[in-house]
Amino acid sequence: MRIGQVIGKVVLSRVHPSLTGAQFKIVLPLRFDDLATPDPAEEATALTGGTSATDAVNRLLNPDLPSKWGNDLVVYDNCSAAIGEWLAFSEGAEAAAAFGPDKKAPVDAFAGAILDTVAIDPNVVAELRAKKK
């Protein structure tokens, strides 16, 4: 599983019958460093120029943020995530497995959950960063 932020949606004129009842979202994957900042709310507020806690938590997009993040991808979303929310998603064979062993679905990424909170132990972050040096 990976974590990403929804930045848009895809509108289809036709859809494969196995994929009805859900939406496709455009998601920017987050890196560990994006999640493990000492104070993510403070950093997001500074980067977005926002002053509210909602701006900070959702990390409203601006030109500075995508350069830190991975390439965007399209994710099959039956959770109905809104723009700005964070998703836990899987890719590849694991994404198609969510439809069950009897069904074959043409998806490369599947949203398994909308994330309300991501908590990372600061001691683990310090140890990992020390190992990088």
Any residue meeting side chain to side chain contact (heavy atoms under 4.5 Å, CB included) with [X], in chain and number order, not counting sequence neighbours:
X   : result
A22 : Y76, N78
V11 : none
A82 : E85
V10 : L12, F24, I26, V74

Closest approach of [X] to [Y] (non-hydrogen atoms, all atoms of both residues):
X    : Y   : result
A81  : L87 : CB-CD2, 3.5 Å
A111 : C79 : O-SG, 3.8 Å
G84  : Q5  : O-NE2, 3.0 Å
Q23  : S80 : OE1-CA, 4.4 Å
D72  : P29 : CA-CD, 4.2 Å
G4   : F89 : N-CE2, 3.6 Å

**OP:** Drop me the distance from L30's CG to I3's CD1, to the nearest 0.5 angstrom.
**Re:**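 L30 CG to I3 CD1: 7.0 Å, rounded to 0.5 Å.
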
Quick check for you: to the nearest 0.5 Å, what is the distance between R2 atom CZ and L73 atom CG?
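The distance works out to 6.5 Å.
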
- Task: Is it possible for you to say whether F110 and V15 belong to one hydrophobic cluster, with membership spreading through side-chain heavy-atom contacts below 4.5 Å?
- Result: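 Yes, one cluster joins them.
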
Please tell me whether I114 and I83 are part of a single hydrophobic cluster in this structure, the criterion being side-chain heavy atoms less than 4.5 Å apart.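 In one cluster: yes.
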
Residue pairs passing the salt bridge (Lys or Arg N to Asp or Glu O under 4.0 Å) test with at least one member in residues 73-83, sequence neighbours excluded, are K25-D77

